[in-house]
Amino acid sequence: SCQYAHFLQYGLCLREREEYGFEKVDMGNVTHEVLQNFGEELLQKKIEWNQMEEEAMNEAVDRIVDVISASYGSGILQGSAQNRYYTTRIRRILKRTVKTLGEQLRPGRFVPYDYEHTFRKLYEDKFLLKGKVDRIDLCRQDDEIFVKIIDYKTGLKDFDYSKLYYGTVLQLAVYMKETLEHLKVLHPEAELSPGAMLYYRIMDPKIKSNVSLSEEESEARFLKELNYKGLVNARAGIVDAMDSDFEKNSLVIPVQKGKDAEIKETDKVVNTEIFEAVLSYASWKAISLAKDVKEGKISCNPAVVSGDDPC
């Protein structure tokens, strides 16, 4: 978000003094670790996420949270009544999360391929780019592979062209570009197409209604509230592979259909050409910013977007 802030963090390696406590960042760390373990366990046991019973999902979450809470931060989650409450809250949020993530897979043909996928790539023999993709989903259709990546967030996040342009939020686009290149090496015979790069907000929202809701209506409200944010490829075959059931507004991807039942293209639902242009720009911008750092550019230049001042 700022060259000088980057210099302070990665050049001088300045850090705030750590205090013994359970902070917001810890909540994100624990939820990510639980979701990683949950997904990897499904892959190992060859269990389809969208076919699991809710009771089995809840049991798995409880078991994984028990293990992680006992070891995280020298057992800090078990150290006080307040922190034990945090553990209870984490259980509730993650049970809602794994249920919703399973429901979001149900109407489509994408399946989880990898969790917490790490990559390291050297650009121009000078710049090392490394990162970790929370989840990669794939759908194979004839000789083509559609790719969807998901980034779990504990806060509200969406794809923003202005932040992409100024280089303050490049992560999701760069990760999609790297994922496509990685998969091309593994599947040289297939054509790879970006399907969607999405943010999922980890939360257990409160559903308000003035009338009594059936269980089905209540779950639909949850799906609507927890729908992904991000960028989606508007190609009909790709959208259908993510959700083949919706008539107007999808509850599992941020996509709508018009009166003619055609996919409505918006700034967040774009054709393949625009999608690939976004990925190319993000890679170019990342290298450009890296060159600035290498050349010693550390001016105080925070980007203010919609009144959000990073400093």
[X] (side chain) donor-acceptor with [Y] (main chain) under 3.5 angstrom:
{"X": "S288", "Y": "W284", "answer": "no"}
{"X": "Q36", "Y": "R135", "answer": "no"}
{"X": "D160", "Y": "K163", "answer": "yes"}
{"X": "N37", "Y": "I64", "answer": "no"}
{"X": "E217", "Y": "S214", "answer": "yes"}
{"X": "H32", "Y": "G28", "answer": "yes"}
{"X": "T168", "Y": "L164", "answer": "no"}

Please check if any side-chain donor atom of [X] sits under 3.5 Å from a side-chain acceptor atom of [Y], or the reverse.
{"X": "Q256", "Y": "S250", "result": "no"}
{"X": "E40", "Y": "Q44", "result": "no"}
{"X": "R15", "Y": "Q9", "result": "no"}

Between atom [atom1] of [X] and atom [atom2] of [Y], what is the distance when rounded to the nearest 0.5 Å?
{"X": "L251", "Y": "F222", "atom1": "CG", "atom2": "CZ", "value": "13.5 Å"}
{"X": "Q104", "Y": "I150", "atom1": "CD", "atom2": "CD1", "value": "7.0 Å"}
{"X": "N50", "Y": "L101", "atom1": "CG", "atom2": "CG", "value": "11.5 Å"}
{"X": "M242", "Y": "N233", "atom1": "CE", "atom2": "CG", "value": "7.0 Å"}
{"X": "N210", "Y": "L213", "atom1": "CG", "atom2": "CG", "value": "9.5 Å"}
{"X": "I136", "Y": "E116", "atom1": "CD1", "atom2": "CD", "value": "10.5 Å"}

Of T100, D62, N58, which meets side chain to side chain donor-acceptor pair (under 3.5 Å) against K95?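 Testing K95 for a side chain to side chain donor-acceptor pair (under 3.5 Å) against T100, D62, N58 leaves exactly one candidate, D62.
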Looking at [X], I want to see if its [atom1] is surrounded by more than 12 non-hydrogen atoms of other residues, nucleotides or ligands under 6.0 Å.
{"X": "Y165", "atom1": "OH", "result": "no"}
{"X": "R120", "atom1": "CZ", "result": "no"}
{"X": "Y4", "atom1": "OH", "result": "no"}
{"X": "D260", "atom1": "CG", "result": "yes"}
{"X": "D143", "atom1": "CG", "result": "no"}
{"X": "K184", "atom1": "NZ", "result": "yes"}
{"X": "K229", "atom1": "NZ", "result": "no"}

Same cluster (ILVMFWY, side-chain, under 4.5 Å), [X] and [Y]:
{"X": "V169", "Y": "L156", "answer": "no"}
{"X": "I47", "Y": "L94", "answer": "yes"}
{"X": "Y166", "Y": "I287", "answer": "yes"}
{"X": "V293", "Y": "F7", "answer": "no"}
{"X": "V67", "Y": "I93", "answer": "no"}

Report yes if some heavy atom in the side chain of [X] is under 4.5 Å from a heavy atom in the side chain of [Y]; otherwise report no.
{"X": "L198", "Y": "P254", "value": "yes"}
{"X": "K264", "Y": "K259", "value": "no"}
{"X": "L192", "Y": "E181", "value": "no"}
{"X": "Y115", "Y": "F38", "value": "no"}
{"X": "V147", "Y": "M197", "value": "no"}
{"X": "I145", "Y": "S193", "value": "no"}
{"X": "H182", "Y": "K121", "value": "no"}
{"X": "P205", "Y": "L226", "value": "yes"}

- Message: Consider salt bridge (charged side-chain N to carboxylate O under 4.0 Å, His left out). Of D137, D134, D243, which one does K148 pass it with?
- Response: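 When salt bridge (charged side-chain N to carboxylate O under 4.0 Å, His left out) is applied between K148 and each of D137, D134, D243, only D137 qualifies.
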Whether [Y] and [X] form a salt bridge (side-chain N of Lys/Arg under 4.0 Å from carboxylate O of Asp/Glu) is what I want to check.
{"X": "K99", "Y": "E219", "result": "yes"}
{"X": "E262", "Y": "K248", "result": "no"}
{"X": "E216", "Y": "R221", "result": "no"}
{"X": "R89", "Y": "D204", "result": "no"}
{"X": "D66", "Y": "R91", "result": "yes"}

Could you tell me whether R140 sits above the aromatic face of F146, with NZ or CZ closer than 6.0 angstrom to the six-membered ring centre and within 45 degrees of the axis?
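No, R140 and F146 do not form such a contact.
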Between [X] and [Y], what is the shortest heavy-atom contact and its length?
{"X": "E41", "Y": "A60", "answer": "OE2-CB, 4.4 Å"}
{"X": "V174", "Y": "A282", "answer": "CG2-O, 3.9 Å"}
{"X": "P107", "Y": "E103", "answer": "CD-O, 3.2 Å"}
{"X": "G195", "Y": "M176", "answer": "N-CE, 4.3 Å"}
{"X": "G167", "Y": "L289", "answer": "O-CD1, 3.6 Å"}

Does the pair K291 and E295 meet the rule for a salt bridge (charged side-chain N to carboxylate O under 4.0 Å, His left out), with working shown?
CA-CA 6 Å; K291 288 180 178 178; E295 292 170 3; over 6 Å; no
side-chain contact (heavy atoms from CB on, under 4.5 Å) test vs Y113 passes for just one of T179, L183, I149, L43, namely L183
Determine whether Q51 and R106 satisfy the following criterion, side chain to side chain donor-acceptor pair (under 3.5 Å), listing intermediate values before the conclusion. CA-CA 8 Å; Q51 299 299 321; R106 200 178 297 277; 5.0 Å; no
Pair E144-R235, salt bridge (charged side-chain N to carboxylate O under 4.0 Å, His left out): steps then yes or no: CA-CA 13 Å; E144 190 172 8; R235 187 174 143 194; 2.7 Å; yes
* Working for ring pair (Phe, Tyr, Trp, His ring centres under 6.0 Å), residues Y161 and F159 -> CA-CA 7 Å; Y161 283 98; F159 178 77; 4.8 Å; yes
List the steps and the verdict of salt bridge (charged side-chain N to carboxylate O under 4.0 Å, His left out) for K153 and D151. CA-CA 6 Å; K153 295 294 183 185; D151 191 23; 3.2 Å; yes
TODO: Evaluate ring pair (Phe, Tyr, Trp, His ring centres under 6.0 Å) for F119 paired with Y175, printing each intermediate quantity in order.
DONE: CA-CA 9 Å; F119 65 85; Y175 283 9; 5.3 Å; yes
request  = Evaluate the ring planes of Y152 and Y200, with Trp represented by its six-membered ring, and classify them as parallel (under 30°), tilted (30 to 60°) or perpendicular (over 60°).
outcome  =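 Judged by the thresholds at 30° and 60°, the geometry between Y152 and Y200 is perpendicular.
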